[in-house]
Protein chains: 4
Amino acid sequence: MAETPPAPRRRDRAATRAALLDAARIRFAAQGFDGTGLREIAAQVGVDPALIARYFGSKRQLYAEAMHVEIPVGVAADPHRPVVSIADALLHDVVYQDWSAFGGEHPLLVMLRSAGHEAVRDQLRIQLCDGYLAEITDRLDGPDPALRAELIGALLIGMGVLRSVIGAPAMSGAPIDRTRVLAARMVDALT
Amino acid sequence: MAETPPAPRRRDRAATRAALLDAARIRFAAQGFDGTGLREIAAQVGVDPALIARYFGSKRQLYAEAMHVEIPVGVAADPHRPVVSIADALLHDVVYQDWSAFGGEHPLLVMLRSAGHEAVRDQLRIQLCDGYLAEITDRLDGPDPALRAELIGALLIGMGVLRSVIGAPAMSGAPIDRTRVLAARMVDALT
Amino acid sequence: MAETPPAPRRRDRAATRAALLDAARIRFAAQGFDGTGLREIAAQVGVDPALIARYFGSKRQLYAEAMHVEIPVGVAADPHRPVVSIADALLHDVVYQDWSAFGGEHPLLVMLRSAGHEAVRDQLRIQLCDGYLAEITDRLDGPDPALRAELIGALLIGMGVLRSVIGAPAMSGAPIDRTRVLAARMVDALT
Amino acid sequence: MAETPPAPRRRDRAATRAALLDAARIRFAAQGFDGTGLREIAAQVGVDPALIARYFGSKRQLYAEAMHVEIPVGVAADPHRPVVSIADALLHDVVYQDWSAFGGEHPLLVMLRSAGHEAVRDQLRIQLCDGYLAEITDRLDGPDPALRAELIGALLIGMGVLRSVIGAPAMSGAPIDRTRVLAARMVDALT
DNA sequence: TATGAATGAGCATTCATTCAT
DNA sequence: TATGAATGAATGCTCATTCAT
């Protein structure tokens, strides 16, 4: 892991910046925005807290940059790919992918934990609606494509919430395949 | 309003306690656990902040008590009521009910905003899984009833998140009936 | 002195407040607004720095309140008192009075040391022009009474600056009577 | 403007040094010693803040050098020039001259704004007493020439303070000639 | 010679809480 | 029982400065 102190990493702006982002992701995921202090992020990297202000401007901007993720290219590749396949890819991406760099969860779920802040909610909306769901909306025929896309997104987010935020027993323990089959059935019901 | 200072509410322990809970619900919902100060809650009721510690022990306990809700009796009444009807009732209860006493949202969604705190996550799990979802699980036949109940819960929670936490455009703007029909279709696909 | 820690002064809001103001005057006079920390003021009184925020709201407000002085009643008493007498009284008040509670200088001169802050300049203008100089203006006949009053004020302030801010040798060392006679001659030249 | 970044001024030590002094004068005058950051001075010139430490040693030394001014040669030229004429020349020099390179004020008045620092007070005393006032003292006959010179200096400084630090209404607004006539009368009363 | 990464001490302010009254 | 004075730790952030490069 890049965020452990062993490597002193002296005088390397890019590496220090990256290490700060890595450390920030872990702490923000575990303790939320308010529960995380800049001092502990800096301490984890082994640098002075003032560097964070220097590199990122403010705690808010550090958070925004740490939580930013690009939509995976594979998902958006084929414009004719069926919706159920897209949804399944997103389900795997959002809920079941290995997000250990973010403390084990997709940044959308991490951000949900700090959704008391309006700026965080804004970022959530942009990354979810303008990113993931736009891909689904584009591929849906029939009435209310945006609404149906959001319902799929709601299922996705809800599954993530139950699995990794709330820790609902069945969803956390059940084999992934069984769950994906059931989720796919729900998505199919919308098309 | 019970929480305005004009009425001194002198020497009425029960009424003061209730007023503190009401005020706490509003502020916690609007600003989250960390964003809300005990001073402002106390000020809204017109009492000294030390009284909160006296009545509730700590901020955390005040939060827990303020966010506690009982599952509506109507939902649990008939053990033979079909799942899709239960789910629709819960959808209405959780997502579309008037929760103005909680600042406009169901406490489950309010708590999700402060899910950075482990105690809040615990309370969420207990209220959602042991409360709402148990009712659904009991009525489901076939394999994996708990998992399917959680998927329904995921859809519910996700809809609430998109509607009132994230503010997704279609779900926030669409007429409620159209949304409920689509959600019912997803639930039906599981049975 | 009320600002020494010996007396614990426990649980006495008014006394603690007054002691904080006393300590603030001394430190602000000696080191200016920016050079003085709230920590040292609080330490001098023997209380926690958080009390300052509680009692005065902010460092700026503490400063404003600490530097506020009322115009001495004796000066404004007789509306027919000649200007040269008023000026002499003010000279004694502003420059030669024992202002040891303010570290040895009139608050107007103390504030001049922190005149880099606009709020301080505003307070200076209000206390000098609307306070002291208005009394002089009212008693001046002939043209430009306000301008002549301000010239008298300029002499006063300038004498204070040379004496206690700059430490000009002659004015600091000369016997007070000789200086007052000369200053009175300058004032007389304006009437 | 010499202090705008467009001109890279690469590898010209003397020009960079001068540009830093120019920028420092403007900022120190506008915001005082404490209110001015080395970063903003360096940024205005377009160089790294570390250069300031390299060229001037410290912020204090940069300030001292930036605020240093020579007494105008015209004033000291004729040893038989009458005092009232010298005083008027100084009044014009100190109070009414265009000091736009210093942000619009004579450095003595600028320094008065940062007189919370002892080093600044020392510099003030040296530049005022040993510079300007020595010229006046030399030309005064009769008793206490140094004291009378300081009283003239007090009037000068006081006028500057009221005009440009405090912003006294009459002195800031009145036509310069009327003010100079009145000031000359006060000076004459001392001879 | 000069850059810019990094420092560490310092700032005012906010908070839930405690304790004497 | 309840008030409110007082606490002390922690917050994000700014600063002049230093030290490798």
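At the heavy-atom level, C:Phe56 lies nowhere under 4.0 Å from the strands shown.
Here A:Arg125 pairs with A:Asp122 under the salt bridge (Lys or Arg N to Asp or Glu O under 4.0 Å) rule; sequence neighbours left out. Residues meeting the salt bridge (Lys or Arg N to Asp or Glu O under 4.0 Å) test with C:Asp48, sequence neighbours left out: none. Taking A:Gln31 as the reference, A:Arg27, A:Thr36, A:Glu40 meet the side chain to side chain contact (heavy atoms under 4.5 Å, CB included) condition, with sequence neighbours excluded.
One atom, CG of C:Leu20, and another, P of E:dA12, lie 14 Å apart when rounded to the nearest Å. Remark: P of F:dC15 and CZ of D:Arg27 are 12 Å apart, rounded to the nearest angstrom. Summarising the geometry, the separation between CD1 on C:Ile52 and C1' on E:dT13 is reported as 11 Å, rounded to the nearest angstrom. Residue A:Arg54 contributes atom CZ, which lies 12 Å from atom C1' of E:dT3 at whole-angstrom precision. The distance from atom CG of C:Asp12 to atom P of E:dC19 is 21 Å, rounded to the nearest whole Å. Per the geometry, NE2 belonging to C:His117 stands 14 Å off P belonging to E:dC11, to the nearest Å.
Remark on DNA chain F: of its neighbouring residues C:Arg17 and D:Pro49, the 5'-side contact belongs to C:Arg17, judged by nearest-heavy-atom nucleotide. Toward the 5′ end of DNA chain E lies the nearest nucleotide of A:Asp48, the other residue of the pair C:Asp48 and A:Asp48 mapping further downstream.
Looking at the side chain of B:Ala53, the nearest of the listed nucleotides E:dT18, E:dT1, F:dA9 is E:dT18. Minimum atom distance to the side chain of C:Ala50 is reached by F:dG8, of the listed F:dG8, E:dA6, E:dT3. For D:Ser58, the listed nucleotide lying nearest its side chain is F:dT17; candidates were F:dT17, E:dT13, E:dA2. The side chain of D:Lys59 sits closest to F:dT17 out of F:dG12, E:dG4, F:dT17. Closest to the side chain of D:Arg13, out of E:dA2, E:dT13, F:dA9, is E:dA2.
Within residues 28-42 of chain C, the residues having any heavy atom closer than 4.0 Å to DNA chain E are, in order of number, C:Thr36, C:Gly37, C:Leu38, C:Arg39.
The bend of the helix from E:dA2-F:dT21 to E:dT21-F:dA2, defined by the angle between the axes of its first five and last five pairs, stands at 20° to the nearest 10°.
In this structure, the side chain of C:His117 does not engage the main chain of C:Ala119 through any donor-acceptor pair within 3.5 Å. Looking only at distances, a side-chain donor or acceptor of D:Arg25 sits under 3.5 Å from a matching main-chain atom of D:Ala66. Judged by distance alone, with hydrogens and angles left aside, the side-chain atoms of C:Glu105 form no donor-acceptor pair with the main-chain N or O of C:Ala29 at under 3.5 Å.
Taking 4.5 Å as the limit, some side-chain heavy atom of B:Phe28 sits within range of a side-chain heavy atom of B:Ile41. Inter-residue side-chain proximity for A:Leu21 and A:Leu62 is flagged as met; some heavy-atom pair is nearer than 4.5 Å.
Distances shorter than 4.0 Å separate some side-chain N or O of C:Thr16 from OP1 or OP2 on F:dA6. Listed pair C:Tyr55 / F:dA5 fails the phosphate criterion, with no side-chain N or O lying under 4.0 Å from OP1 or OP2.
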**Request:** Take D:Val165 and C:Arg121 through the test side-chain contact (heavy atoms from CB on, under 4.5 Å) and record every step on the way to the result.
**Result:** CA-CA 7 Å; D:Val165 178; C:Arg121 290 199 295 273; 4.3 Å; yes

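Within the structure, no pair that satisfies the ring pair (Phe, Tyr, Trp, His ring centres under 6.0 Å) test touches residues 38-59 of chain D, not counting sequence neighbours.
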